[in-house]
K.L.:
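Mind looking over this structure? Questions follow.
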Amino acid sequence: DDTLPQIPLHGANIPDQKEIEKEIGEYLSKKYGGKVQIISSDVLTSPERKGARENRLLGGEQTGFHFDMKPEELIAYLDDYVIQQDEAKAVLATKICTHFNRIHQEEKGNHTQPAAGRIKSNVLLIGPTGVGKTFLIKLIAGYLGVPFVKGDATKFSETGYVGGDVEDLVRDLVRAADGDIKKAEYGIIYVDEVDKIAASPHRHGADVSRSGVQRAFLKPMEETEVEMKVPHDPISQMEAIEQYRATGKKAQKKVNTRNILFIMSGAFSGLEETIAKRIQQRSIGFEQDVASPRRDHDLFRNVKSSDLLEYGFESEFVGRLPVVAVLNELTEDDFFDILISPNSSVVVSKKQDFNAYSIKLQFEESALREIAVRAVAEGIGARGLVSIVEEVLLHYEKKLPSTSIRHLVLTREMVRDPRGELQRLLNDKKKQKEQRKLYSTLLKEERKRFISFIEAKQKYYFEKSSLVLNRKRSRLIATICQEEISDPRKVCLDIIERIEHIQQYAEAMTEEYGVEVSFSVAAVDRIIMEKPLSMETVDSRCEKIMSACEYGLRLISQKNWADKLEITEEGVDSPSDFMTKFINKLFKFD
């Protein structure tokens with residue numbers, strides 16, 4: 001039978017508020033699994049934590065639209081996750097940031113250009129399958145915090161000709177914004193396989209599944225009002241009914257697409273032939289040597305509107321996609337770089353899968369190289385990496401959880417013969433021991449790569465917060481990334497939040513006692529590295545420091561003996577002794 005913890009009510013050992021909260025909190029955590037917590041009412045000793053750092057647009061209690069990101073910040077973020085594609089990242093980051101910054105200026109009333117002259121920076125992405133087109137747009141939308149929906153152009157047919165299905169993308173955007181129409185009006189709609197709606201040059205008459213879909217996109221891509229309630233959409237009908245039952249009014253909800261950014265993409269197979277033909281004809285016109293037309297994706301960089309028109313797109317549709325970005329076909333080295341990156345979703349995902357069974361997984365570089373070679377042969381881009389890794393590790397994922405093996409290193413031999421190597425591993429104790437030893441070696445090598453990556457890529461976030469990324473902090477971030485199989489950027493931002501939280505304690509003490517209190521870099525590092533690594537640990541340590549320093553700070557402020565106090569490592573380890581020495585130094589006591 002569960003009973004409340006017994007708290008003494010008599011005698012000299014009556015607990016203070018913190019002890020009571022701790023005991024009751026432990027009881028509730030044990031009974032309800034952490035779903036119920038005690039929140040302290042002591043606002044001084046527990047300063048408010050900062051809100052989510054990711055919400056860039058229409059966030060928190062802000063009113064109106066706010067955006068102040070620069071293209072280089074967005075490019076730096078994309079560089080953390082996307083290998084190569086520098087030109088496409090630069091084009092997307094620049095035009096998307098410009099798009100949202102222009103909206104911000106208009107909201108502030110600083111934009112003087114007439115609405116009729118405003119051209120939306122809708123984007124057309126061209127590149128073979130599996131090069132990261134969808135991944136790029138999802139990353140951008142997630143980082144900006146804007147609603148995002150993805151659709152395939154191939155799903156629109158005759159209904160799309162009259163606009164119904166195409167406008168459903170706008171309604172989906174509202175649902176992605178949790179019903180917030182205002183927020184949805186600053187979202188991103190991404191349409192893949194748009195090359196499939198190019199009209200066939202040999203087709204005569206109306207082409208409702210191709211040209212018709214293109215025409216259906218024209219108004220939403222520019223500016224139109226989209227009704228949320230439509231006869232063919234049962235969800236919108238149900239929402240309208242619920243609205244009427246709640247308010248007794250028939251609300252006409254409309255979404256304006258003026259600020260919704262449309263991004264289209266496709267592989268555009270065969271377009272390179274059109275471009276090569278045009279280039280060849282131009283060469284003949286200038287009496288130059290006629291070179292054999294190139295059949296590679298570099299030709300896409302020479303694409304012009306006339307090529308898209310000949311490919312089967314209408315001029316009005318092409319005119320609403322003023323920005324074109326080309327993505328390169330990925331090479332074997334690119335695939336290898338994707339796999340060995342600390343942010344590799346392929347590798348991280350498999351580590352998490354095996355970690356669910358308490359099995360630690362590492363990859364030899366030779367194994368990753370072998371996977372990259374096979375991915376090139378597959379010819380489906382980065383998607384091939386996922387299928388190959390799954391195919392190789394499936395047998396191990398099935399069998400190892402039922403064994404005592406808790407360390408696995410994927411080698412080149414395992415990639416080439418997964419079933420045979422699995423049997424050899426299961427039957428050979430010496431091989432299992434070698435795997436554990438190899439795992440430890442690769443873990444150290446991986447940590448070095450993590451540290452290098454963090455110091456090269458994550459330093460930006462510390463500098464943006466006016467903080468220092470020293471060696472101790474980069475090692476701490478790398479350690480957490482490995483232990484928790486976490487995204488380095490997320491861990492980096494968590495560490496920054498802890499450091500800023502410590503600074504808030506210093507600010508609280510400064511405001512309370514009128515003495516400028518600060519923590520040295522070494523003191524901050526000592527606090528954020530205490531185990532367990534959590535914000536609760538930071539709170540506990542800082543509150544002890546505040547409690548130990550309270551009397552001394554009050555005395556100093558009353559007597560005006562000092563106007564500054566820097567808490568050092570000693571102040572973290574033994575705050576009472578530190579404060580005593582500080583006061584003795586002021587009085588010059590022996």
Side-chain angles (χ1 to χ4, degrees), residues 49-55 72-83 139 142-143 337-352 354-355 360-363 365 368 439-506 519-542 569 572:
R49 298 177 185 174
K50 294 192 174 181
R53 305 172 65 90
E54 301 301 312
N55 197 0
E72 288 187 342
E73 178 183 347
L74 186 51
I75 292 172
Y77 169 72
L78 295 176
D79 284 342
D80 288 354
Y81 297 91
V82 180
I83 301 298
L139 281 174
Y143 187 61
D337 290 339
I338 289 172
L339 291 170
I340 205 167
S341 168
N343 282 323
S344 173
S345 58
V346 181
V347 171
V348 169
S349 176
K350 291 316 299 177
K351 284 185 177 181
Q352 291 173 339
F354 276 80
N355 191 60
K360 306 298 182 183
L361 175 66
Q362 278 291 342
F363 295 76
E365 289 191 16
L368 298 180
Y439 175 87
S440 299
T441 300
L442 293 178
L443 191 68
K444 293 176 182 177
E445 293 178 1
E446 183 186 61
R447 184 164 303 176
K448 291 179 181 178
R449 290 200 305 271
F450 269 70
I451 291 172
S452 297
F453 177 86
I454 291 161
E455 291 179 345
K457 299 289 189 179
Q458 310 300 309
K459 185 178 180 181
Y460 167 82
Y461 300 109
F462 276 82
E463 292 176 344
K464 187 178 179 183
S465 300
S466 300
L467 298 173
V468 176
L469 177 60
N470 55 33
R471 193 68 172 178
K472 283 186 177 180
R473 293 173 182 177
S474 60
R475 286 176 178 171
L476 174 64
I477 295 170
T479 300
I480 297 174
C481 288
Q482 288 186 305
E483 291 178 352
E484 300 182 0
I485 316 178
S486 297
D487 182 339
R489 179 176 171 276
K490 177 183 179 299
V491 177
C492 179
L493 294 180
D494 286 344
I495 294 299
I496 290 174
E497 186 178 15
R498 292 178 201 174
I499 295 172
E500 291 177 338
H501 196 53
I502 294 170
Q503 291 177 337
Q504 289 178 25
Y505 274 99
F519 288 85
S520 70
V521 172
V524 171
D525 289 347
R526 183 66 63 89
I527 296 172
I528 63 175
M529 293 181 187
E530 287 190 14
K531 297 288 184 70
L533 298 168
S534 67
M535 191 68 81
E536 287 69 25
T537 304
V538 171
D539 278 330
S540 176
R541 173 57 63 185
C542 287
E569 287 178 285
V572 175

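This one's a predicted model, so the numbers in the text were calculated from it and none came from an experiment.
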K.L.:
Which value, rounded to the nearest 0.5 Å, describes the distance between Lys457 atom NZ and Phe450 atom CZ?
P.N.:
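Those atoms lie 14.5 Å apart.
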K.L.:
Could you go through Ile477 and Leu469, starting from their C-alpha distance and side-chain angles, then the distance that decides it, and tell me whether this counts as side-chain contact (heavy atoms from CB on, under 4.5 Å)?
P.N.:
CA-CA 10 Å; Ile477 295 170; Leu469 177 60; 4.2 Å; yes
K.L.:
With rounding to the nearest 0.5 angstrom, report the OG to CD distance, Ser440 to Gln362.
P.N.:
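Ser440 OG to Gln362 CD: 9.5 Å, rounded to 0.5 Å.
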K.L.:
Measuring only between side-chain heavy atoms, which start at C-beta, is Tyr460 closer than 4.5 Å to Lys464?
P.N.:
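Result yes, sub-4.5 Å side-chain heavy-atom pair found.
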K.L.:
May I ask you to say whether Asp494 pairs ionically with Arg498, meaning some side-chain N is under 4.0 Å from a carboxylate O?
P.N.:
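No, Asp494 and Arg498 are not salt-bridged.
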K.L.:
Take Arg473 and Val468, measure what side-chain contact (heavy atoms from CB on, under 4.5 Å) needs, and give me the verdict at the end.
P.N.:
CA-CA 9 Å; Arg473 293 173 182 177; Val468 176; 4.3 Å; yes
K.L.:
Could you tell me the separation between the SG atom of Cys481 and the CZ atom of Arg489, rounded to the nearest 0.5 Å?
P.N.:
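Spacing of SG (Cys481) from CZ (Arg489) equals 12.5 Å.
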K.L.:
For residues 337-346, which residue pairs qualify under side-chain hydrogen bond (donor to acceptor under 3.5 Å, both in side chains), counting only residues two or more places apart or in two chains?
P.N.:
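Every candidate side-chain hydrogen bond (donor to acceptor under 3.5 Å, both in side chains) pair involving residues 337-346 fails, so no pair, neighbours aside, qualifies.
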K.L.:
What closest approach, in Å, do Pro488 and Ile454 show between heavy atoms, and which atom pair accounts for it?
P.N.:
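Looks like CB-CG1, 4.4 Å.
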K.L.:
Check whether any side-chain heavy atom of Leu493 sits under 4.5 Å from a side-chain heavy atom of Tyr461, and report yes or no.
P.N.:
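Yes, at least one pair of side-chain atoms sits under 4.5 Å.
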K.L.:
For the residue pair Ile480 and Leu476, establish whether any side-chain heavy-atom pair is separated by less than 4.5 Å.
P.N.:
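Yes, side chains in contact.
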K.L.:
Minimum heavy-atom separation for Gln482 and Leu443, please, with both atom names.
P.N.:
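Minimum heavy-atom contact is NE2-O, 2.9 Å.
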K.L.:
Just wondering, do Asp80 and Gln458 contact through their side chains at under 4.5 Å, heavy atoms?
P.N.:
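Touching, per the 4.5 Å side-chain cut-off.
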K.L.:
Answer whether the closest heavy-atom distance between the side chains of Ile495 and Phe462 falls below 4.5 Å.
P.N.:
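Side chain of Ile495 against side chain of Phe462, heavy atoms only: contact under 4.5 Å found.
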K.L.:
Does Arg541 use its side chain to pair, donor to acceptor, with the backbone of Val572 at less than 3.5 Å?
P.N.:
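Checking the backbone N and O of Val572 against the side chain of Arg541, a donor-acceptor pair under 3.5 Å is found.
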K.L.:
For Arg471 and Arg475, what are the C-alpha separation, side-chain angles and deciding distance, and is it a side-chain contact (heavy atoms from CB on, under 4.5 Å)?
P.N.:
CA-CA 6 Å; Arg471 193 68 172 178; Arg475 286 176 178 171; 3.7 Å; yes
K.L.:
Within this structure, what is the CG-CD distance for the pair Asp539 and Glu536, rounded to the nearest 0.5 Å?
P.N.:
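Between atom CG of Asp539 and atom CD of Glu536 there are 6.5 Å.
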K.L.:
Can you name the nearest heavy-atom pair linking Val348 to Pro342, along with the distance?
P.N.:
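Where Val348 meets Pro342 most closely, the heavy atoms are CG2-O, 3.9 Å.
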K.L.:
What I'd like to find out is whether the side chain of Ile502 reaches to under 4.5 Å of the side chain of Ile528, using heavy atoms alone.
P.N.:
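Touching, per the 4.5 Å side-chain cut-off.
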K.L.:
Is any side-chain heavy atom of Asp487 less than 4.5 Å from a side-chain heavy atom of Tyr81?
P.N.:
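Result yes, sub-4.5 Å side-chain heavy-atom pair found.
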K.L.:
If you round to the nearest 0.5 Å, how far is NE2 of His501 from CD1 of Ile527?
P.N.:
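The NE2 atom of His501 is 10.5 Å from CD1 of Ile527, to the nearest 0.5 Å.
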K.L.:
Output, in order, the C-alpha distance, side-chain angles, deciding distance and verdict of side-chain hydrogen bond (donor to acceptor under 3.5 Å, both in side chains) for Tyr143 and Glu73.
P.N.:
CA-CA 11 Å; Tyr143 187 61; Glu73 178 183 347; 2.8 Å; yes
K.L.:
Can you name the side-chain contact (heavy atoms from CB on, under 4.5 Å) partners of Ala522, sequence neighbours left out?
P.N.:
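Ala522: side-chain contact (heavy atoms from CB on, under 4.5 Å) contacts with Ser520, Glu569.
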K.L.:
Is a salt bridge present between Glu446 and Lys351, judged by a nitrogen-to-oxygen distance below 4.0 Å?
P.N.:
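Looking at Glu446 and Lys351, the cut-off is met.
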K.L.:
Just by distance, do the side chain of Ser474 and the backbone of Glu455 share a donor-acceptor pair under 3.5 Å?
P.N.:
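No: the side chain of Ser474 does not pair with the backbone of Glu455.
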K.L.:
Between Ile499 and Phe519, is there a side-chain heavy-atom distance shorter than 4.5 Å?
P.N.:
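No; the side chains remain at least 4.5 Å from each other.
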K.L.:
Determine whether Lys360 and Phe354 satisfy the following criterion, side-chain contact (heavy atoms from CB on, under 4.5 Å), listing intermediate values before the conclusion.
P.N.:
CA-CA 7 Å; Lys360 306 298 182 183; Phe354 276 80; over 6 Å; no
K.L.:
Counting only heavy atoms not in Gln352, do more than 12 fall under 6.0 Å of its CD?
P.N.:
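Enclosed: over 12 neighbouring heavy atoms sit under 6.0 Å from CD of Gln352.
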K.L.:
What are the two closest non-hydrogen atoms of Pro532 and Thr537, and how far apart are they?
P.N.:
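Looks like O-OG1, 2.5 Å.
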K.L.:
What's the spacing between Lys459 NZ and Cys492 SG if we round to 0.5 Å?
P.N.:
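SG of Cys492 is found 12.5 Å from NZ of Lys459.
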